[in-house]
Amino acid sequence: MNNMLPLIRNECLKIIKKKRFYVILLILIVLVPMFTYAQMRSAERSRDKFNSDWRLEIQQQIIDNQNSLGSDRIPEEWKTYRRIFVQQLQYYLHHDVNPNEPSGVTFTREFMDNSVTLFIPLLIMAVASDLVSAERTTGTIKMLLTRPVKRWKVLFSKMAALLMFVSLIVLSTFVISYLISGLAFGYKGFNIPVFTGFKISGDSVDMSTVHAVPQWKYMLMQGGLVWFVSVIVALLAFMISVLVRSTAASIVVMMAALIAGSILTNMASAWTTAKYLFMVNLGLTGYLSGTPAPIEGMSLSFSMAVLAVWGAASVIISFAVFTKRDILN
Amino acid sequence: MTKANSGESSPVVLSVDGVRKKIGRKWIIDDVTFDVREGEIFGFLGPNGAGKTTTIRMLVDLIRPSEGKITVCGYNVNRNPEKALQFVGSIVENPEVYTYLTGWENLQHFARMQPGIDNARISEVVDIVRLDQRIHDKVSTYSLGMRQRLGIAQALLGRPRLLILDEPTNGLDPKGIKELREFIRKLADEGLAVFVSSHLLSEIQLLCDRVAIISKGRVLAVGAVDELIARNSPYVLWELEPFAEAQALLAGRPDIQIQNLEDVNLDDSIIAGMGPDSLITIMDQDLIPEIVAVMVTAEIEVRAVHKINPTLEQLFLKLTEGENVE
């Protein structure tokens with residue numbers, strides 16, 4: 001372990017000096033205010049419409065959704081989704097809790113929910129996708145591997161640095177989103193109750209396990225799940241960066257997989273074996289808020305297991321390939 | 001140029017024994033064997049595509065040989081790279097360093113990969129390659145020559161006993177090449193074993209003590225440079241006036257062969273200096289005064305006589321010929 005730390009330090013230094021992390025922070029600092037503004041406008045509009053009474057707003061939402069259930073043009077899968085949504089809204093209304101209480105904390109929670117499948121993976125790819133392939137494109141891999149250090153140690157140091165930066169990216173997404181949205185919505189709201197534990201069976205929700213947790217606790221759980229997803233995405237992107245020589249190809253492969261995932265999710269697929277693909281399992285936080293899973297038979301533990309298997313496989317492949325391969329160019 | 005006397009007694013630093021490499025179905029390296037001893041500059045000569053770079057990559061564990069054994073200071077490079085590579089400094093192809101780091105940061109980066117290299121050692125190698133003025137600038141602002149020097153600094157960091165340089169003069173200007181040659185000689189005199197690859201015979205002649213000649217993945221010959229070259233009769237270039245008579249005269253002699261210009265692969269610097277009516281011959285050098293005398297009596301003006309070292313191609317021809325005879 002003694003000679004591992006300097007190697008990890010090297011890798012961290014290179015990530016910082018490449019200025020990738022600053023770019024990620026910059027993207028967050030530019031985009032989060034945009035989302036905040038959009039959220040603010042929509043909050044203003046509903047306040048005007050419902051005279052600042054959130055109960056009226058929720059009731060209207062329930063009525064809208066129920067009406068649409070009668071329509072023939074809406075596919076059955078969507079109706080299931082809406083039935084579940086209505087039941088949840090009724091639960092909130094019944095317990096006199098505003099699910100959309102505007103605050104910096106609520107905004108952050110929702111922002112994380114929405115960004116876990118695509119936006120955060122994208123930020124992670126900015127670091128992970130060229131970690132190995134860039135060394136090969138520029139030829140520096142030859143310098144790296146002709147030093148008296150075993151190859152697995154070189155790869156391990158890169159992986160360790162990557163995981164540190166993944167954690168940092170998740171943390172900064174939370175922090176930046178809270179700090180910026182707080183300017184608009186206020187920094188309070190850590191103790192607002194949030195309901196979790198919705199058990200979805202078929203098209204109804206089992207409310208017996210539902211319980212309220214303070215928002216900060218909810219966000220801790222959410223943060224853990226977001227971090228888990230991020231680590232798996234990072235490991236996959238890392239593997240591709242080991243396998244593919246060009247950074248561009250590495251990014252394209254990973255993007256294609258992620259976008260395919262979001263398309264498959266939206267198709268509410270009847271193809272049930274798709275649930276073993278990693279990209280439809282990225283929406284882990286949906287299990288917390290009670291969003292129905294895209295494919296039947298998926299649950300939080302199932303999704304985490306699938307992701308863990310994909311992550312482990314990519315680690316094994318990365319090391320096997322990297323330590324064996326001839327560096328020909 | 002003084003050449004160090006690396007007798008058979010100096011310890012072997014690098015030993016390559018029966019190395020072969022198969023990629024796909026093709027044996028791209030087919031039996032390479034040689035030793036490099038302490039204090040000698042060993043040339044690795046072959047045309048592009050002969051397998052020089054593949055061999056070098058095998059020496060530093062970038063490629064694993066399919067058969068054979070490579071040892072550095074007694075350690076097997078492929079089985080025990082952590083031990084073997086600490087004695088090796090290398091530049092494989094171009095000196096590739098991180099352009100977004102400064103020269104100093106690059107050296108620190110590589111120093112961290114090996115125990116026992118402190119900042120004092122880094123300053124020391126920076127002084128050796130004379131980069132101290134610009135060492136804290138980003139490498140992206142460096143010229144090719146400076147990157148080359150940074151690459152050498154990196155290779156020297158770990159106080160290696162074997163230095164491997166792949167076509168080190170590529171991209172350097174004549175002054176830089178001369179400096180590099182002197183520098184390498186100095187390192188060898190201090191006891192370092194230096195392994196240099198090149199596709200230019202002249203390069204190897206000026207620099208190396210011993211040489212291995214490789215073609216199509218096979219080592220054709222290993223030996224002292226002078227010895228190998230002495231085996232070959234050099235080209236002699238003539239500029240004579242009037243041309244037709246001179247040509248007839250030379251063609252009439254059985255001990256002189258006139259070469260077709262197209263068949264002779266000469267260095268650009270020689271081609272540039274050649275007049276339009278030049279003749280290239282293969283002949284014994286001792287004949288030159290006699291031929292000049294003959295020309296003078298035949299009232300042919302001798303404008304220039306020029307001895308040209310054998311080219312790599314010629315050497316190859318000789319070596320493969322010898323193979324058939326022996």
Side-chain angles (χ1 to χ4, degrees), chain A residues 1-23 126-127 130-158 160-161 242 245 247 319-329, chain B residues 21-24 28 53-54 56-66 72 75 77-78 80-102 105-117 138-140 150-151 154-155 157-158 160 164 166:
Chain A
M1 209 52 209
N2 250 350
N3 53 3
M4 210 69 233
L5 286 176
L7 295 184
I8 296 173
R9 197 174 150 198
N10 271 348
E11 296 307 324
C12 290
L13 198 84
K14 283 188 269 184
I15 293 175
I16 292 169
K17 291 280 178 175
K18 266 194 277 187
K19 305 210 165 76
R20 285 295 151 74
F21 188 59
Y22 299 125
V23 171
V127 173
D130 77 339
L131 222 46
V132 179
S133 58
E135 302 258 12
R136 295 185 69 202
T137 319
T138 58
T140 44
I141 188 107
K142 289 180 294 190
M143 297 287 194
L144 211 55
L145 295 186
T146 54
R147 298 288 78 222
V149 176
K150 287 227 167 81
R151 285 195 186 183
W152 72 263
K153 287 187 180 169
V154 173
L155 194 70
F156 182 85
S157 66
K158 283 188 174 292
V242 170
R245 200 176 122 82
T247 303
F319 276 95
V321 171
F322 191 77
T323 51
K324 292 267 150 50
R325 181 163 51 194
D326 287 341
I327 308 294
L328 292 172
N329 45 14
Chain B
K21 175 72 185 178
K22 193 179 194 175
I23 290 184
I28 55 165
T53 297
T54 310
I56 287 182
R57 281 167 190 257
M58 288 197 282
L59 299 184
V60 291
D61 196 36
L62 288 174
I63 299 180
R64 244 151 271 234
S66 312
V72 175
Y75 295 102
V77 168
N78 307 104
N80 205 347
E82 245 169 350
K83 281 264 188 266
L85 289 177
Q86 67 183 354
F87 300 110
V88 183
S90 64
I91 302 180
V92 180
E93 285 178 312
N94 307 314
E96 261 111 12
V97 285
Y98 300 102
T99 50
Y100 49 84
L101 300 180
T102 66
E105 284 168 339
N106 264 294
L107 292 177
Q108 272 189 322
H109 173 277
F110 292 111
R112 281 191 205 105
M113 300 187 75
Q114 201 168 352
I117 306 174
K138 276 232 168 81
V139 173
S140 50
L150 184 61
Q154 176 275 137
L157 261 185
I164 295 175
D166 189 1

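Each chain gets a letter, A, B and so on, in the order its sequence line appears, and its residues count up from 1.
Heavy atoms closer than 4.5 Å to chain A are found in the side chain of B:I23, but not in its backbone. Proximity to chain B (any heavy atom under 4.5 Å) is shown, for A:K14, by both the backbone and the side chain. Looking at A:T146, the atoms closer than 4.5 Å to chain B (heavy atoms on both sides) sit in the backbone and in the side chain alike. Within the 4.5 angstrom heavy-atom criterion, only backbone atoms of B:V88 (N, CA, C, O) approach chain A.
Expressed to the nearest 0.5 Å, how far CG of B:N94 lies from OG1 of A:T138 amounts to 11.5 Å. Considering CG of B:L101 and OG1 of A:T140, their distance stands at 9.5 Å, rounded to 0.5 Å. If you take CZ on A:R147 and NE2 on B:H109, they are separated by 11.0 Å, rounding to the nearest 0.5 Å. Rounding to the nearest 0.5 Å places CZ of A:R136 at 13.0 Å from CD of B:E96. Separating the NZ atom in A:K19 from the OH atom in B:Y100 is a distance of 11.0 Å, to the nearest 0.5 Å.
At most 12 heavy atoms of other shown residues, nucleotides or ligands fall within 6.0 angstrom of atom NZ in B:K83. Annotation for A:K17: atom NZ does not count as buried by contact number, only 12 or fewer foreign heavy atoms lying within 6.0 Å.
The shortest heavy-atom contact between B:R112 and A:N10 is NH1-OD1, 2.6 Å.
When side chains are defined from C-beta on, B:Q108 does not count as touching A:L13, because their heavy atoms never get closer than 4.5 Å. Using a 4.5 Å cut-off on side-chain heavy atoms (C-beta onward), A:D326 and B:R57 make no contact. Counting heavy atoms from C-beta on, the side chains of A:L7 and B:M113 come closer than 4.5 Å.
The candidate with the highest count of non-hydrogen atom pairs below 4.5 Å against chain B, out of A:M143, A:R151, A:R9, A:K150, is A:M143. The most heavy-atom pairs under 4.5 Å with chain A, out of B:E93, B:R64, B:M58, come from B:R64.
Residue A:I327 forms a side chain to side chain contact (heavy atoms under 4.5 Å, CB included) with just one option from B:V92, B:L62, B:I63, and that option is B:L62.
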